[in-house]
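Taking it in order: structure first as structure tokens, then the write-up.
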2 protein chains.
Amino acid sequence: MRSRPRLIDVARDAGVSPATVSRAVSQPELLAAATLALVQASARKLGYVPDGAAQALASGRTMTVAAVMPTLDSIIFAKALQSMQVALSAVGYQLLVASHEYSVGAEAEAVRLLLARGIDGLILVGAERPEATNTLLRQANVPVVLTWCPDGVNASVTVDNALAGRLAAEHLIRLGHRRIGMVCGHLLFNDRQRARLEGVRAALAEAGLDLPDWRISHQPMTISGGRNGCSALLECADRPTALIGGIDLFALGSIAEAQARGLCVPSDLSVVGIDDTEMASQVSPSLTSVHIPTAQIGEMAALTLLGRIRHAEPPADRLLPINLIVRRSSTVPPAADALQRSSET
Amino acid sequence: MRSRPRLIDVARDAGVSPATVSRAVSQPELLAAATLALVQASARKLGYVPDGAAQALASGRTMTVAAVMPTLDSIIFAKALQSMQVALSAVGYQLLVASHEYSVGAEAEAVRLLLARGIDGLILVGAERPEATNTLLRQANVPVVLTWCPDGVNASVTVDNALAGRLAAEHLIRLGHRRIGMVCGHLLFNDRQRARLEGVRAALAEAGLDLPDWRISHQPMTISGGRNGCSALLECADRPTALIGGIDLFALGSIAEAQARGLCVPSDLSVVGIDDTEMASQVSPSLTSVHIPTAQIGEMAALTLLGRIRHAEPPADRLLPINLIVRRSSTVPPAADALQRSSET
DNA sequence: CGCATTTATGAGAGCGCTTTCATTCATGCT
DNA sequence: AGCATGAATGAAAGCGCTCTCATAAATGCG
């Protein structure tokens, strides 16, 4: 029993040169129809499968791109990954994944390994990274597409995270809330959360409100994080009448925590999320949230990257629209608070 | 400005042979300490990064494994993927991902592409696939690890899905429920759901109960699927007093739907899930669910695969334990039903 | 009908690394 | 001291494919 047949075996069988077989595989349009059919018949007969490593070495193309995400098991990134994968596999590209758990060093290391292994393009999340990593990327001369945040150098597919925060805050302000808290992810190596927080802060400032540190709770990005954050914010004096979750998970956790404490959402506490994941519309009360087109980010990132790889398109930034989806978790502040507020003024 | 330095450049710079540089990279223990240091210095100086494609071609090892999942954006598979990735990257392996959206053909195609691209090992979900795919796998002679369901041929890291269904059902039976419905994913190319359903059916049968088709609602695997399934089951005459979700998402959707209809969970309707995802413990009421060690499946699958790749370990099956986590969403059936039930008897 | 094109195929030199085999010393043993 | 061993390195033959260049055949045109 022989090992896997190689290109030359097919060539021999079909009575053509290796070059012809190679063309049959990668540029069939160059061959006469008859020759092509002949080669394909031999290939099928022998069960020929081209060797990817050899193709990669000889052609310089690996037909593989990589995505380095903070984590793979977040609904958001998983969804983006899924749409990337679909877009890529549709044109024969493979997707390599890595995660860094919000560690700058881990990201740099992942990028290094990926570049060594050989990739045709790279998708990263966020714009914040040490200059060393950027240098590495530049030297490797590999097309890069950034997602969620632009950096002005690489191509990017983003949303305006500050606007997301702003939309959430403005909605609450418009409803009459004046004490608004925020449950927010750690800001280290997370420019998305930082931008959202700044958007909230800016909107509040414009309304003459402020967002003191003690009304911001930084939490790990899980539902429990949301619960704990809500818990912390509700326990301080002068408790907020509304909460913004830096991600839906926080908002969902906050609703759960508020309910567990016997508070009614939204009448006792309004909650607004950012992301608009599937859960948002399904929980009770349904969650008001800023819709972020996550899947579209993934797909567009993949397509943009393919454009850069295959047609050498120059870097370009695409900003996807976002919008507030008002549901049941937000309403006017409690009457007691309205009174208290007016007496304060 | 030169292009990336190659191995031979380092050899020249260090005044050694290419073979020595190669050893410095892949088998440093073979070199004299002094030589190694010399080579490493040159490599660092020149910024040498080995070419993965060339390494792969020359050595036959790609340092890459692939995972083909039904979808990447399910919490379950995303979590498994995450733990695989961590386990793999710890030993320098890269993870390639593909998804097939529960299409047999798509899986076969993904496997074909992956094998062509060159991988050292493969992780698949479930045991059900056409013989053609298995043949392909056998010919490629690549180590395979199955997850969630064993097939008796390949190595596997699994849980007893039938037992999961059984645990859920027995819990409800023990509480006194006699009309138990199930929201279940499509069974086509999904042996996990099939096994869970069979487990439920078997447990009911042993209790002298049956599970007529009209008490099973097959739904797409989303929360809305859960809502719709619940909706369908509640609308038939002789409505069930308890529902089992083939995945937590269904159970979660069922709770939402029941609540939206003004039913109280668990007093009007008990709901049990399978998977025990993070949401289960956080929703209100918290969800009784059969815990499946998803992350562990991923990690063990990766480790098992590595064992097969690096130490040529023979296929082995590992069955991970599961257990029912009782929370607030399940209780005894409504009193009215108990009466009605006894009058029926 | 002859020449300039175009189209289809072949020849062959790599792509950058690994790895066997051979070679050279240094070492241990009797 | 003399020989068998083992350790450290080098030489060189690929790994399986791609792609440029050259050639041969087919086509178009005046």
Side-chain angles (χ1 to χ4, degrees), chain A residues 2-40 42-43 46-64 92 115-120 140-141 310, chain B residues 2-40 42-43 46-64 92 113 115-120 140-141:
Chain A
R2 295 250 343 246
S3 73
R4 261 172 54 171
R6 291 159 309 147
L7 182 142
I8 191 141
D9 300 317
V10 178
R12 208 131 42 198
D13 184 86
V16 299
S17 77
T20 301
V21 179
S22 173
R23 289 188 186 102
V25 171
S26 41
Q27 305 158 70
E29 70 280 6
L30 287 184
L31 294 187
T35 316
L36 180 59
L38 186 68
V39 174
Q40 286 177 335
S42 291
L46 301 180
Y48 171 67
V49 178
D51 179 309
Q55 288 182 303
L57 177 58
S59 70
R61 276 175 264 108
T62 61
M63 297 304 280
T64 302
L115 291 177
R117 200 44 56 196
I119 52 177
D120 292 347
N141 196 33
R310 307 204 294 181
Chain B
R2 296 248 343 246
S3 73
R4 261 173 54 172
R6 291 158 309 146
L7 182 141
I8 189 138
D9 300 316
V10 178
R12 209 132 41 201
D13 183 84
V16 299
S17 76
T20 301
V21 179
S22 173
R23 290 187 186 105
V25 171
S26 40
Q27 303 157 69
E29 69 281 3
L30 288 185
L31 294 188
T35 316
L36 180 59
L38 185 69
V39 173
Q40 285 177 335
S42 290
L46 301 180
Y48 171 67
V49 178
D51 179 310
Q55 292 188 127
L57 177 57
S59 70
R61 276 173 265 108
T62 61
M63 297 303 281
T64 302
L113 285 175
L115 291 176
R117 193 260 180 205
I119 52 177
D120 293 347
N141 196 32

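Numbers restart at 1 for each chain; the letters A, B, ... are given by sequence-line order, proteins then strands.
- Between B:Asp13 and B:Leu46, the closest side-chain pair of non-hydrogen atoms falls below 4.5 Å.
- Between chain A and DNA chain C, the heavy-atom contact criterion of under 4.0 Å yields a 5' to 3' nucleotide range of C:dA8 to C:dG16.
- Put simply, CD1 on B:Ile8 and OG on B:Ser22 are 12.0 Å apart, with the number rounded to the nearest 0.5 Å.
- B:Arg12 pairs with exactly one of B:Val10, B:Val16, B:Asp9 by the side chain to side chain contact (heavy atoms under 4.5 Å, CB included) rule, that one being B:Asp9.
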Could you list the donor-acceptor pairs under 3.5 angstrom formed by side chains in residues 32-39 of chain B, with sequence neighbours left out?
none

Heavy-atom contacts, protein to nucleotides 6-14 of chain D, under 4.0 Å, summarised as B (base), S (sugar-phosphate only) or - (none) per nt, yield --SSBB--B
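- Separating the CZ atom in B:Arg4 from the CG atom in A:Leu115 is a distance of 7.5 Å, to the nearest 0.5 Å.
- From A:Asp120, atom CG reaches atom OG of A:Ser59 across 8.0 Å, with rounding to the nearest 0.5 Å.
- Within 4.0 Å (heavy atoms only), B:Ser22 reaches at least one base atom of the nucleic acid.
- Phosphate contact (OP1/OP2 of D:dT18, side-chain N/O of A:Arg6, threshold under 4.0 Å): absent.
- Residues A:Arg117 and B:Gln55 are in side-chain contact: their nearest non-hydrogen atoms beyond the backbone lie under 4.5 Å apart.
- What separates CG of A:Leu46 from P of D:dG16 is a distance of 15 Å, to the nearest Å.
- Contact check for A:Asp51 versus A:Arg6: no side-chain heavy atoms found under the 4.5 Å cut-off.
- A:Leu57 places its CG atom 11 Å from the P atom of D:dT18, with the value rounded to the nearest Å.
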